[in-house]
Amino acid sequence: MRFSEYLVPTLREVPAEAEIVSHQLLLRAGFIRKAASGVYTYLPLAFRVLARIKAIVREEMDRAGGQEIGLPIIQPAELWLESGRWNVYGPELFRLKDRHGRDFCLGPTHEEIITELVKGDLRSYKQLPLLIYQIQNKYRDERRPRFGLMRGREFIMKDLYSFDRDEAGLDASYRKMYDAYTRIFERCGLEFRPVEADSGPIGGSVSHEFMVLADSGEGTVVYCPDAGCGYAANIEKAIGRPALSGADEELAPREEVVTPGLKTVDQVTAFLGVGAERLVKTLLYEAPDGVVAALVRGDREVNEIKLQNLIGVDQLEMADAEIVRRVTRAPVGFTGPVGLDVETIVADEEVMVMVNCITGANKADTHYRNVNPGRDFKPDLTADIRVVDDGQVCARCGAVLQSRRGIEVGQVFKLGIKYSKSLHLTYLDEQGEERLVVMGCYGIGVSRTMAAAVEQNYDADGIIWPVSIAPVKVVVVPVNMKEQTQVELAERVYRDLWAAGIDAMLDDRAERPGVKFKDADLVGYPVRVTVGKKAVDGEVEVLRRRTREMQVVPVVGPEWGTPYPSARTFLTASTSSFTGTTCISRVRRRSTSTSPSTAFLPTVTRTG
RNA sequence: CGGGAUGUAGCGCAGCUUGGUCAGCGCGCCUGCUUUGGGAGCAGGAAGCCGGGAGUUCGAAUCUCCCCAUCCCGACCA
């Protein structure tokens, strides 16, 4: 591929709409262009990166026994009405009508249609297990698309569904996928961490997310620094060891304290001269069947996901000031559990051991002192409903937990029989008895993975692609296009690289070298071969993008007669001897007699 | 969906307060010459229904109203 013929519209300035690094760099380096909010065109370089990621995903899915299929993106409403999600999914579902007025949607996920498929053709235990996957565009009309490819309305996703006879089978499938995901993200050259995750509205029992660690991530990973322990979880799911000892005091009689205008935990505790851990924070939530009060220690936050799961609702919103006033007959800031009349009172387990604590008195400008759980109020439920963050202690080993931001690039779920039961997906076992299929589902955000790779691999000059997913491995830069020697040697190196199975870009533009160097850094080719003044001696420079490590390499003999014996070997070695070695060594070899014109180039370079 | 902001040439922006030499700047793009190891210089050139509509006015990029789009901050998800 020749730069002069290739569509790589690099930009010198950062487009104003791009906030995060991956978005900025993918735009600037000529990988993507926006078509609409949350909808992007993939230019040739991006397309190649995506192809590489998909190739890795396919290899690992196939290795684990997966079978790729194609599913419709346009799906009939009937399927979604049947599963009930046509109404539940809400405005995130892209809906459309055909010319006859029939309803359709653009698939945001494919449970319905794949279950339908399997239901139609699954009869016997002999057909199980079954692992089916697809890699396609998905559509979600996000409330707020943002961060470029991170949260688009159209995105590429791999979905695999597993169908097993029983729990043991599901365990095996889940394990296979977990391992496959680990291999995939390792091969993509990403620093990631599998973490325990909440299974959310998709349901099911066990779930892990694969988080690429990056400060721009929207998620938070809580992890135990003790390598032997290894606990790691999404903050939504993470548990810490509860502080289960209160103050060592006699129970004192409850009394009112006047706290004029003091609404926040900080204000109240400062006024009373006690620590936040002596206060019980009472938050009111509006749930479908009534108001729920959540009680946590003053220095904790309520984990709404845990709360939702506990009380079994999928919608929970903080009560507004009006509801607070109606329920407590007091303004926001003075709510407390004593005498509180709500549908459900849920207390965090830490609250129950507190002694002589402070709470709101459900009366303006008033708090209670010396409130004691059990004596002064009785929650309907006691559970872990707090957010675990830095500084809390690992429930398993007692080390102090830490947290980092992460980008969720994959998630695996054990669904169990949740869907097969409601959709009556069954098979006949050896005894001829009808049994429910046990399912799992496993997703990877392919386009998001590309963005995540950039978030983790860049510097002030541009992208630094991991070799395994780089759109092009090597860029060959003749410094001066008017120097025939340089041009010819560059052509030769370029041809040799292709002959050796290494895809290369020849920057044959009549630009000044600085421009080409800047673009090379921006685009992020792992290796740059510079053909400059030393070309007359048959020498070129090989520069590694990541380390800026440079080596002068003799490529041809003094007379330019025969290729220098070690040239190809060296170039091959020097491009494969650092991160992500899996890819280069797997690239298919090509015949050396083929001309490296663009016509011969594969549209997609398959690995493996 | 709430809150905040922004729409002027391909990209980045100024101009709007105070309507009228106000269609501008930088980069990019095209032509020519020079230059060629980190985003060159000179000369010439193309390019904008000033987001859209309706108003106010002798006159609107500028003032008013409505709409649309985009981006950023909060509850969902890959």
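Nothing here was measured: the structure is a model prediction, and the numbers come from that model. Only heavy atoms go into these numbers, but all of them, side chains included; no hydrogens, no water, no symmetry mates. Numbered from 1 within each chain, the chains take letters A, B, ... in sequence-line order.
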| Ion pair present between A/E322 and A/R325, side-chain N to carboxylate O less than 4.0 angstrom? | no
| salt_bridge(A/E68, A/K158) N-O dist < 4.0 Å | no
| Checking all strands, does A/D519 fall into the base, sugar-phosphate, or nothing category for heavy-atom contacts under 4.0 angstrom? | base
| request: Is it possible for you to check whether A/R153 lies under 6.0 Å from the centre of the six-membered ring of A/F94, through NZ or CZ, and within 45° of that ring's axis? | output: no
| query | Charged N to carboxylate O under 4.0 angstrom, A/R386 versus A/D299? | reply | no
| task | Report which part of the nucleic acid A/E209 touches: base, sugar-phosphate, or nothing (heavy-atom distance under 4.0 Å, all strands). | result | nothing
| query | Touch check for A/K516, heavy atoms < 4.0 angstrom, all strands: base, sugar-phosphate only, or nothing? | reply | nothing
| message | Looking at A/K237 and A/E196, is any side-chain nitrogen of the basic one under 4.0 Å from a carboxylate oxygen of the acidic one? | response | no
| Rounded distance in Å between the C1' positions of B/U56 and B/C71 | 31 Å
| query | Of the candidate nucleotides B/G12, B/G38, B/A40, which contains the atom at the shortest distance from the side chain of A/P15? | reply | B/G12
| task | Scan every strand shown for a Watson-Crick or G-U wobble partner of B/A78, both distances under 3.5 Å, and answer none if you come up empty. | result | none
| Expressed in whole Å, how much space separates the P atoms belonging to B/U17 and B/C65? | 15 Å
| query | Is there a stack between A/F155 and B/A78, judged by ring centres under 5.5 Å and planes under 30°? | reply | yes
| field | Side-chain donor/acceptor contact of A/E13 with base of B/G28 under 3.5 Å | value | no
| message | At 4.0 Å (heavy atoms only), tell me whether A/E483 reaches a base, stays on the sugar-phosphate, or touches nothing. | response | nothing
| said: As a test of reading the structure: which of B/A78, B/U35, B/G38 is closest to the side chain of A/Q411, going by heavy atoms? | reply: B/A78
Contacts under 3.5 Å, N or O only, protein and nucleotides 66-72 of chain B:
residue, atom, partner, partner atom, Å
B/U70, OP1, A/S37, N, 3.0
B/U70, O3', A/K34, NZ, 3.0
B/C71, OP2, A/S37, OG, 2.7
B/C71, O3', A/E17, O, 3.4

| message | Nearest to the side chain of A/R143, heavy atoms from C-beta on, is which of B/U36, B/G38, B/C76? | response | B/C76
| query | OP1 or OP2 of B/G37 less than 4.0 angstrom from a side-chain nitrogen or oxygen of A/K533, does that happen here? | reply | yes
| query | Does a salt bridge link A/K533 with A/E483, judged by any charged N lying under 4.0 Å from a carboxylate O? | reply | no
| task | Have a look at A/G462 and say if it touches a base, only the backbone sugar-phosphate, or nothing, with a 4.0 Å heavy-atom cut-off. | result | nothing
| Can you find a heavy atom in the side chain of A/I114 that is under 4.5 Å from one in the side chain of A/I69? | yes
| Considering only heavy atoms and no angle criterion, is a donor-acceptor pair shorter than 3.5 Å present between the side chain of A/D521 and the base of B/G38? | yes
| field | Lys/Arg-Asp/Glu bridge criterion (N-O < 4.0 Å) met for A/R175, A/D179 | value | yes
| task | Mind checking A/M150 for me? I need base, sugar-phosphate or nothing, with any heavy atom below 4.0 Å counting as a touch. | result | base
| message | Less than 4.0 angstrom between a side-chain N/O of A/R512 and OP1 or OP2 of B/A40, yes or no? | response | yes
| task | For A/R33, report the nucleic acid contact type (base, sugar-phosphate, nothing); a contact means any heavy atom under 4.0 Å. | result | nothing
| message | Within the 4.0 Å heavy-atom criterion, would you say A/V14 contacts the bases, only the backbone, or no part of the nucleic acid? | response | sugar-phosphate
| task | Classify the nucleic acid contact of A/G410 as base, sugar-phosphate or nothing, counting any heavy atom under 4.0 Å across all strands shown. | result | sugar-phosphate
| said: Taking the minimum atom-to-atom distance to the side chain of A/T530, which one of B/G39, B/C76, B/G37 wins? | reply: B/G37
| Donor-acceptor pair under 3.5 Å: do we get one between A/R28's side chain and the base of B/G28? | no
